[in-house]
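Here the structure is laid out as structure tokens; the discussion comes afterwards.
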Amino acid sequence: MGGDKDVEANNGNISSASAFSGLQEVVEAKDGTISVASAFAAHQEAVQDRDHKFLTRAVEEAYRGVDSGDGGPFGAVVVHNDEVIVSCHNMVLNHTDPTAHAEVTAIREACKKLNRIELSDCEIYTSCEPCPMCFGAIHLSRVKRLVYGAKAEAAIAIGFDDFIADALRGTGFYQKAHLEIKRADGNGAVIAEQVFEKTKAKFQLY
């Protein structure tokens with residue numbers, strides 16, 4: 001996991017590439033997306049299944065947060081040594097705190113549980129692309145890997161501030177941070193995108 005490195009695609013998305021660079025073949029798809037074909041297909045499939053499992057947990061938290069009235073449709077899971085340390089959702093309404101986003105809440109709880117202020121040997125899975133505040137918290141906590149489901153635009157589509165995407169797209173700091181960043185694809189991305197559509201009737205912004 002820690003040996004993976006980022007490959008930035010032509011369309012701006014970042015995909016994960018296996019560390020076995022000597023046995024890789026770069027393939028450019030018709031849509032311009034760059035992917036890496038590796039001889040270790042079984043390894044890649046296992047990584048995808050693992051990511052899907054933890055991302056699904058984050059998505060479940062997003063639903064749980066709205067159903068309980070705690071906050072918006074966002075969930076986050078912190079993983080350490082293949083185990084879920086904490087599984088949290090947005091707590092903005094519950095705590096009357098605009099900073100109690102799922103990612104921030106998860107980082108706070110994980111630090112308490114591990115009794116330290118850095119999470120350099122941990123990964124975080126988020127149902128949606130983190131906002132600038134949450135990305136800052138992820139960076140400050142030194143989390144080694146971030147996997148997110150829905151793009152920020154999915155949240156913007158139901159009324160969240162478009163500052164989220166503008167801030168993320170407009171800063172080189174986001175692109176050059178020293179951690180692996182991967183956006184989920186396939187079914188993982190689909191189920192994460194669906195959170196917003198399925199919860200919009202229950203969750204009102206303000």
Side-chain angles (χ1 to χ4, degrees), residues 1 4 6-9 11-16 31 33 35 44-68 70-79 82 84-92 100-107 110 122-135 137-138 143-169 174 179-205:
M1 299 305 299
D4 287 0
D6 298 332
V7 175
E8 184 169 339
N11 62 0
N13 288 339
I14 299 175
S15 59
S16 178
D31 64 356
T33 301
S35 61
Q44 288 184 325
E45 183 176 349
V47 170
Q48 291 174 353
D49 289 344
R50 177 181 179 278
D51 284 347
H52 178 74
K53 177 179 71 173
F54 293 131
L55 183 63
T56 298
R57 181 79 171 266
V59 170
E60 290 171 351
E61 279 291 344
Y63 284 115
R64 187 173 295 116
V66 173
D67 288 340
S68 63
D70 288 335
F74 302 93
V77 170
V78 174
V79 175
D82 278 341
V84 173
I85 298 300
V86 295
S87 182
C88 302
H89 52 255
N90 185 288
M91 297 290 287
V92 168
H101 289 193
E103 297 92 330
V104 172
T105 301
I107 288 170
C122 296
E123 302 162 276
I124 189 166
Y125 290 79
T126 65
S127 63
C128 184
E129 186 173 16
C131 75
M133 177 188 70
C134 291
F135 181 76
I138 290 168
V143 167
K144 69 177 180 179
R145 186 167 185 262
L146 158 67
V147 179
Y148 68 90
K151 294 181 70 175
E153 285 76 9
I156 293 167
I158 66 165
F160 284 91
D161 198 332
D162 60 7
F163 161 76
I164 295 174
D166 289 344
L168 292 179
R169 307 290 183 268
Y174 179 75
L179 77 156
E180 180 187 347
I181 303 173
K182 173 190 173 184
R183 181 179 178 239
D185 52 15
N187 192 49
V190 172
I191 63 171
E193 299 279 358
Q194 290 175 340
V195 174
F196 298 101
E197 183 64 28
K198 292 183 177 181
T199 62
K200 66 181 182 181
K202 295 181 180 180
F203 178 76
Q204 300 297 320
L205 277 175

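Note that the numbering runs from 1 along the sequence shown for the chain. Since the structure is predicted, the reported quantities are computational estimates derived from the model, not experimental observations.
Here the shortest heavy-atom pairing between C122 and V143 reads O-CG1, 3.4 Å. Across every non-hydrogen atom of G75 and A62, the tightest pair is N-CB, 3.7 Å. Among all heavy-atom pairs drawn from A192 and G149, the shortest one is CB-CA, 3.5 Å. The two residues I138 and P130 make their nearest non-hydrogen contact at CD1-CG, 3.9 Å. Pairing each heavy atom of F74 with each of A102, the nearest pair is O-CB, 3.5 Å. Counting all heavy atoms, side chain and backbone alike, Y125 lies closest to A58 at O-CB, 3.6 Å.
From R57, atom CZ reaches atom OG of S87 across 4.0 Å, with rounding to the nearest 0.5 Å. Atom NZ of K144 sits about 13.5 Å away from atom CG of L146, to the nearest 0.5 Å. The CD atom of Q48 sits 5.5 Å away from atom NZ of K182, with the distance rounded to the nearest 0.5 Å. Interatomic distance, CD of E123 versus CG of D82, reported as 7.5 Å (0.5 Å rounding). Between the NE2 atom of H101 and the OG1 atom of T126 there is a distance of 12.5 Å, given to the nearest 0.5 Å. To the nearest 0.5 Å, atoms CG (N90) and CG (D70) are separated by 8.5 Å.
The shortest side-chain heavy-atom distance between I124 and E103 falls under the 4.5 Å cut-off. In this structure, R183 and E129 have side chains that are not in contact, with every pair of non-hydrogen atoms separated by 4.5 Å or more. Side-chain contact check for C131 versus F160: every heavy-atom pair is 4.5 Å or farther apart. Proximity of F54 to V84: side-chain heavy atoms (C-beta onward) are separated by under 4.5 Å at one or more points.
With Y63 as the partner, the side chain to side chain contact (heavy atoms under 4.5 Å, CB included) test is satisfied by one option alone out of H89, K202, Q194: Q194.
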task = Kindly indicate, with the supporting measurements, whether the criterion salt bridge (charged side-chain N to carboxylate O under 4.0 Å, His left out) is fulfilled by D51 and R145.
result = CA-CA 11 Å; D51 284 347; R145 186 167 185 262; 2.9 Å; yes
